[in-house]
Structure formats: structure tokens, C-alpha cells
Enquirer: 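Shown below is the structure under consideration.
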Amino acid sequence: MISYSNPVIVLNDGNIMAESEHVLYSEAREFLLQFSELLKSPQGLHTYRVTPLTLWNSASIGWTFDLLMSRLESYCKFPVPSHIEAQWKEWLERYGKIVLEKDGGTLRLRFKDEKLEEKIIGHQEIIPYINKKNGKWRVAPRDRGLLKQKLLGAGFPVYDLAGYDDGKPLPVFLRDKLNGVPLVLRPYQVKAIDTFYREGNANGGNGVIVLPCGAGKTVIGLGIMEKCQCETLILTNNTTSVLQWKREIIEKTSLAEDQIGIYVGTWKEVKPVTISTYQMLTYRQTGTTRFPHFSLFNRRRWGLVIYDEVHLLPAPIFRVTAEIQATRRLGLTAALVREDGCEEDVFGLVGPKIYDIPWRKLEKEGWIAKAVCYEIRMDLGEKEREKYLSASPKHQYRIAAENPGKMEVIRRLLKKHQGEKILVIGQYIHQLKTISAMTGAPLITGETSQLVRESQYNKFNRGEISVLIVSKVANFAVDLPDASIAIQVSGSFGSRQEEAQRLGRLLRPKTDDRTSHFYSLVTKQTKDEEFALRRHRFLTEQGYQYIIMDEKDEKVGFLS
DNA sequence: TGAGAGGGAA
DNA sequence: CTAGATCCCTCTCA
């Protein structure tokens with residue numbers, strides 16, 4: 001029921017405002033994220049944005065317009081402006097109105113609404129992919145992806161029911177090899193797998209699954225391989241991750257080592273299950289335009305392609321992906337946010353977001369550790385402030401991020417959490433070296449050899465050292481040990497993805513059930529503050545609250 | 001034959 | 001855009 005005591009207002013421009021301190025807020029947030037995204041989250045009043053893409057994602061998991069509106073009204077202070085309601089209805093209901101289906105040996109585009117057919121005729125860019133005969137819109141199978149991409153770009157999502165090639169069969173079964181028993185999956189993992197693979201449903205078989213770090217995304221990939229029973233190509237973003245996939249497949253499925261190939265710079269093998277990197281595939285000889293390794297997509301009859309860390313998928317891979325629309329495609333990520341605006345390509349070519357479980361829900365159920373986030377704000381010293389003001393905008397962020405005043409806070413936090421496993425994470429090597437010199441804790445950067453990294457990680461794991469200082473290596477390293485405390489001293493501009501990744505380091509469940517603490521150190525009234533706010537956005541969207549502290553450890557507010 | 005440095009790319 | 005990490009390839013040296 002609409003009521004003035006509710007927390008939500010839909011504005012005339014279509015944005016949604018919600019009172020973040022309201023008792024109904026966390027419930028409302030979970031609902032709003034079903035069809036919108038968080039735009040701004042200042043204290044007190046949060047803004048959400050609805051776009052065609054956010055609505056299509058919600059349609060793809062089954063929301064209808066009427067269901068959405070009736071549920072929305074139960075959180076609203078006032079009725080939704082009628083022109084906004086009409087706009088949303090139009091956008092949402094486009095999903096499913098244009099269907100691509102099999103028709104003999106070719107494909108056919110069918111309209112459930114004649115008006116849409118008329119609208120689309122006017123779009124020049126799709127003409128090359130259409131052959132209109134006897135009132136039927138025929139599409140060549142090889143144009144399946146490009147047509148979908150062009151139509152999506154024009155604002156018309158295509159509901160693809162043309163089905164998949166099964167690929168070459170490959171028996172795969174989940175099993176706990178160590179104990180010789182079937183592998184037991186967590187309930188949400190089973191649900192994610194079932195959502196992807198629906199028997200007899202041509203639309204089951206492509207899409208993106210979003211799950212926090214430590215929630216077992218690899219196992220979901222393996223579970224889907226078990227459902228598909230076919231040869232599989234797995235793409236990921238670095239070699240450590242390639243090796244990790246291989247190890248998990250050997251440990252947790254019936255597949256033997258010789259059925260798994262890795263395809264990277266130093267070692268190239270194509271086997272029934274092959275694991276490669278995005279950089280391998282996007283490699284081009286300098287000065288040429290060919291991608292010599294794209295052929296990997298045709299080396300075997302893959303029935304499934306898994307895109308690990310799909311938020312990092314580079315542009316050329318989208319192009320190949322457009323050509324393999326008849327192959328099942330699974331995207332995995334902890335945070336489906338891109339700062340380059342290619343979300344639409346992920347949606348169009350890999351698939352919509354089909355499964356997404358809020359981080360806080362997994363926390364409540366005990367699958368990931370409890371975590372509290374802090375933003376500690378401090379001043380910039382007089383001398384530094386002068387330097388900041390006279391610096392070019394390009395350098396200002398760095399000056400603020402490297403604020404020497406952060407040192408004292410780090411010292412205090414290290415003392416406060418003495419005895420716990422602590423990661424200090426930052427973006428500037430110079431700053432990290434200073435911290436390492438001050439604390440005596442070892443520093444790991446991209447320069448550190450794999451051997452040394454491994455030995456430090458082991459010492460940290462065994463508790464021989466309790467503080468580890470890490471650069472951006474922490475963003476990519478899958479083998480970085482986990483901790484219960486993280487101190488973020490600087491970060492990559494506005495990267496939400498990075499912040500999510502860093503908190504993720506603290507989320508492996510703790511044996512003693514302890515709470516993890518994530519500290520973000522920010523210099524007041526500088527660009528550092530601005531970027532920090534942007535970085536926090538993904539986690540606040542997930543329901544994490546940042547407790548704002550001043551230098552003296554006094555609580556001064558909340559960001560939620 | 002393999003290790004290691006260096007360049008280019010995204 | 002930044003700064004940094006990573007991966008690919010090629011070249012050199014033993």
C-alpha cells in the first residue's frame with residue numbers, strides 16, 4: 001500500500017529515492033536492485049536508476065510489469081508518476097516480444113507485437129542480417145550474434161530460443177576425489193546451476209551468475225559442466241587462475257588430468273576441457289590485425305564456454321562470442337560492474353544476469369564471514385595541502401592518496417588488531433614501500449618473484465608473519481591468503497570492482513566465527529574522498545555500511 | 001633447450 | 001587520463 005510513512009519515492013525523471021535509515025530500507029533495497037542500480041548513496045537518501053538494461057535483466061529472471069509495480073507500491077510514499085510507469089512498462093515488455101527461433105535449417109525472427117516489427121524496419125543497421133521472404137524474417141545462423149547485438153544497441157532485446165549445439169559429448173561427474181564420495185553442493189550453488197541449465201528449455205544455457213569471492217564460483221562452473229556433459233572451453237584472466245581451475249577439476253570431478261589441457265604462452269594443449277586466458281586469445285602480432293589464437297574456438301566442438309571474471313572480458317572476445325551463439329555460455333563474476341560501459345555487450349552476447357545472491361544474505365546464512373567496513377577520514381597537512389592545490393588535476397589524486405598522515409592511522413590500526421592476520425593494500429608502490437619500512441612488514445608487488453610470493457603467503461598462512469603489504473597484485477592473485485583485517489590505503493580511482501575484490505579477501509568463513517574489518521583510509525576534502533565514495537558504491541549496493549571515523553577513532557557517521 | 005630480459009598491448 | 005600488473009611474444013645467452 002502506498003503510504004506516506006514508506007521509504008521510497010519515484011521522481012519525475014524516473015530515478016528512485018529511498019530513505020536509507022528507514023526500517024524498511026534493507027528490504028526495499030533488495031527489491032529495488034531487482035530492476036535498478038544504485039547511483040548515489042550519500043548519508044540518508046539513496047538514488048537508484050532504472051535503465052532498459054536493468055529492466056531486461058529483471059524480466060529475464062521472471063519479473064512482470066504488474067508484479068514489479070504492485071511490489072514497488074508497497075514501499076512508496078506516493079504513486080509512481082504515470083509517464084514513468086508507462087515508460088518502464090514499454091521498456092520491460094519489449095523483453096520477450098522479439099523471438100529468435102529455429103525454422104528448418106535457418107533461424108527466424110518472430111514478433112509478438114506488430115508495432116515492434118514496424119519500428120524495427122526503420123533501423124538500417126540490421127538490414128544486412130535479415131532476409132525478408134513471404135512475411136518471414138529469416139536470419140542466417142552465423143548472423144545470430146551480430147543481429148542480436150545490433151537490435152540490442154537499437155533498444156530491442158532479442159529473446160533467443162534458437163537453442164544450442166550439444167557439442168562433443170564428455171562424461172563429467174562431480175565427486176570428492178579425496179574421499180571418493182559424491183560432492184555435496186551448497187543449496188545456493190545447486191540453485192544457481194539449475195537456473196542456468198533447464199531441461200528442455202531452449203533459453204536455459206546462457207547467462208551470467210554473480211556471486212561474491214569465496215562463495216564457490218568454480219564449483220558452480222563444474223556443476224554446470226556436469227549438467228551439460230560436453231567438451232568445455234574455460235577462459236580466465238591469468239595463469240594462476242588457469243592452474244587453479246585445472247586443480248579443482250581434477251579434485252572435484254571424474255575427469256582425469258590427461259583430459260584437461262591448458263593453453264597459455266608457455267604450454268599449449270587442446271584437450272576435451274581446455275583452459276586459456278583472455279590475453280592469449282586477444283594476442284596480436286604487433287602491426288597486424290589478425291588474432292592467431294581465435295582458432296581455439298574451433299579446435300574442438302565445444303558445447304560450453306565458461307567466461308570466468310566476465311567483467312574483465314576484453315572487446316575482441318565479444319566479437320568471437322557473437323559468432324558462437326549456438327554454444328552454451330556461462331559468465332561468472334563477483335561484481336558485474338564495468339567502468340567502460342560494456343555491460344550491454346555482456347548482456348547481449350554472453351547473456352543476462354540469471355542468478356545473483358546478495359552478499360549479506362550469504363553472510364547471514366554463514367557461508368561467508370561477517371564483515372564491517374570503515375572509512376577513516378583525515379586531514380591533509382598544511383604543506384601537502386599547498387602542494388595539492390598547486391598540482392595539476394592529473395596529479396592531485398596521487399598527492400591526496402599518499403597523504404603522510406595515513407601513516408599514523410596505519411600504526412594505530414596495526415596495534416589495535418595485533419595478533420590478527422592483516423593485509424595492507426594500496427595502489428602506489430612508493431607509498432607501500434614507506435609503510436613497509438615503517439612497520440617492518442614484507443611487501444609484495446608485481447616485481448616480487450612467484451617463489452618469494454609463495455613463501456611469504458605460506459608464512460602468513462602459518463601465522464609466522466601477521467602483516468602483509470600488497471600492491472595491486474591483490475586484485476588478481478587468486479592464491480593470496482585470506483585475512484580478517486584489511487587496511488586500504490589507496491585505490492584505483494573509482495573502481496567499484498577493486499573494492500569488492502579487496503573486501504572479498506576477508507570473506508572466507510573464520511573458524512572462530514570472528515568478524516572481519518575493512519578499513520578505507522581517505523583524505524578529507526580532496527579527490528581521494530570523491531573516488532572513495534565511488535568505490536564504495538558496489539558494496540553499499542550489497543548492503544554493507546561504512547562507519548565513518550575521524551583520525552581520533554571517533555565515530556562521526558554512516559555511509560550505507 | 002630453457003631461462004630471463006625486454007617490448008607491446010589492453 | 002593516471003599507476004600498476006599481467007600476459008603474450010621475441011631475442012639473447014649459456
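To find a chain, count down the sequence lines: A is the first, B the second, and so on, and within it residues start at 1. Bear in mind that the values here come from a model prediction, so they are computed numbers and not experimental data.
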Enquirer: Report yes if at least one side-chain N or O of H293(A) is closer than 4.0 Å to OP1 or OP2 of dC9(C); otherwise report no.
Expert: yes
Enquirer: Under 4.0 Å between a Lys/Arg side-chain N and an Asp/Glu carboxylate O for R301(A) and D165(A)?
Expert: no
Enquirer: Give the B/S/- string for nucleotides 1-10 of chain B, one per nucleotide from 5' to 3', where a protein heavy atom under 4.0 Å of the base yields B, of only the sugar-phosphate yields S, and otherwise -.
Expert: -------SSS
Enquirer: Separation of E402(A) atom CD from dT2(C) atom P, in whole Å?
Expert: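 The distance from CD of E402(A) to P of dT2(C) comes to 16 Å, rounded to the nearest Å.
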Enquirer: Distance check needed: dT2(C) P versus E530(A) CD, whole Å only.
Expert: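 Rounding to the nearest Å, CD of E530(A) and P of dT2(C) are 18 Å apart.
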Enquirer: Taking atom P of dG4(C) as reference, at what distance in whole Å does atom CD of Q431(A) sit?
Expert: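 Those two atoms, CD and P, are 10 Å apart.
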Enquirer: Select one nucleotide: of dC8(C), dT6(C), dA3(C), the one nearest the side-chain heavy atoms of T277(A).
Expert: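 For the T277(A) side chain, the nearest candidate turns out to be dC8(C).
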Enquirer: Compare the minimum distances between each of dA5(C), dC8(C), dA3(C) and the side chain of S471(A), then state the nucleotide with the smallest one.
Expert: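 Comparing dA5(C), dC8(C), dA3(C) against the side chain of S471(A), the answer is dA5(C).
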Enquirer: Does dG4(C) have OP1 or OP2 under 4.0 Å away from a side-chain N or O of K433(A)?
Expert: no
Enquirer: When you match Y397(A) and T445(A) each to their closest nucleotide on DNA chain C, which lands nearer the 5' end?
Expert: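 Comparing both residues, the 5'-ward one is Y397(A).
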Enquirer: Just to be sure I understand the rule, does R338(A) reach a base, reach only the sugar-phosphate, or reach nothing, if contact means heavy atoms closer than 4.0 Å?
Expert: nothing
Enquirer: Could you walk me through whether I220(A) and I209(A) satisfy the side chain to side chain contact (heavy atoms under 4.5 Å, CB included) test, starting with their C-alpha distance in whole Å, then the side-chain angles of each, then the deciding distance to 0.1 Å, before giving a yes or no?
Expert: CA-CA 9 Å; I220(A) 289 173; I209(A) 292 175; 3.9 Å; yes
Enquirer: Given atom CD of Q427(A) and atom P of dA5(C), what is their separation to the nearest angstrom?
Expert: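 The answer, rounded to whole Å, is 9 Å.
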Enquirer: Show your working on ring-ring contact (aromatic ring centres under 6.0 Å, His included) between Y544(A) and H536(A) and close with a plain yes or no.
Expert: CA-CA 9 Å; Y544(A) 287 95; H536(A) 297 342; over 10 Å; no
Enquirer: Please determine, for the side chain of V473(A), which listed nucleotide (dT6(C), dC8(C), dA3(C)) has the closest atom?
Expert: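 Ranking dT6(C), dC8(C), dA3(C) by closest atom to the V473(A) side chain puts dT6(C) first.
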Enquirer: CG of N238(A) versus C1' of dC7(C): gap in Å, rounded?
Expert: 9 Å
Enquirer: For the ring pair Y546(A) and Y374(A), is the centre-to-centre distance below 6.0 Å?
Expert: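 Judged by ring-centre distance (under 6.0 Å), Y546(A) and Y374(A) do not meet the cut-off.
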Enquirer: Centroid separation under 6.0 Å, is that true for the rings of H417(A) and Y519(A)?
Expert: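 Yes, ring centres under 6.0 Å apart.
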Enquirer: Would you mind writing out the side-chain donor-acceptor pairs for residues 283-290 of chain A within the sub-3.5 Å range, not counting sequence neighbours?
Expert:
{"from": "T288(A)", "atom 1": "OG1", "to": "Q285(A)", "atom 2": "N", "distance (Å)": "3.4"}
{"from": "T288(A)", "atom 1": "OG1", "to": "Q285(A)", "atom 2": "O", "distance (Å)": "2.7"}

Enquirer: May I ask you to say what K527(A) touches in the nucleic acid, namely base, sugar-phosphate or nothing, with a heavy-atom cut-off under 4.0 Å?
Expert: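 K527(A): no heavy atom of the nucleic acid under 4.0 Å.
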Enquirer: Counting any heavy atom closer than 4.0 Å, what does S492(A) reach on the DNA or RNA strands: base, sugar-phosphate only, or nothing?
Expert: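 S492(A): no heavy atom of the nucleic acid under 4.0 Å.
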Enquirer: Without swapping roles, check the side chain of Q542(A) against the backbone of F538(A) for a donor-acceptor pair under 3.5 Å.
Expert: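 No; judged by distance alone, with no hydrogens or angles, the pair does not exist.
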Enquirer: Measure from NZ or CZ of R502(A) to the centre of the six-membered ring of F518(A) and say whether it is under 6.0 Å with the direction within 45° of the ring axis.
Expert: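 Cation-pi check for R502(A) and F518(A): fails.
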Enquirer: Report the distance from atom CD of E498(A) to atom P of dT6(C), rounded to the nearest whole Å.
Expert: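 Going from CD in E498(A) over to P in dT6(C) covers 13 Å.
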Enquirer: In whole angstrom, what separates I399(A)'s CD1 from dT2(C)'s C1'?
Expert: 13 Å
Enquirer: By nearest heavy atom, map K268(A) and R398(A) onto DNA chain C; which one lands nearer the 5' end?
Expert: R398(A)
Enquirer: How many Å lie between CD on Q497(A) and C1' on dA5(C), as a whole number?
Expert: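 Checked: the CD to C1' distance equals 15 Å.
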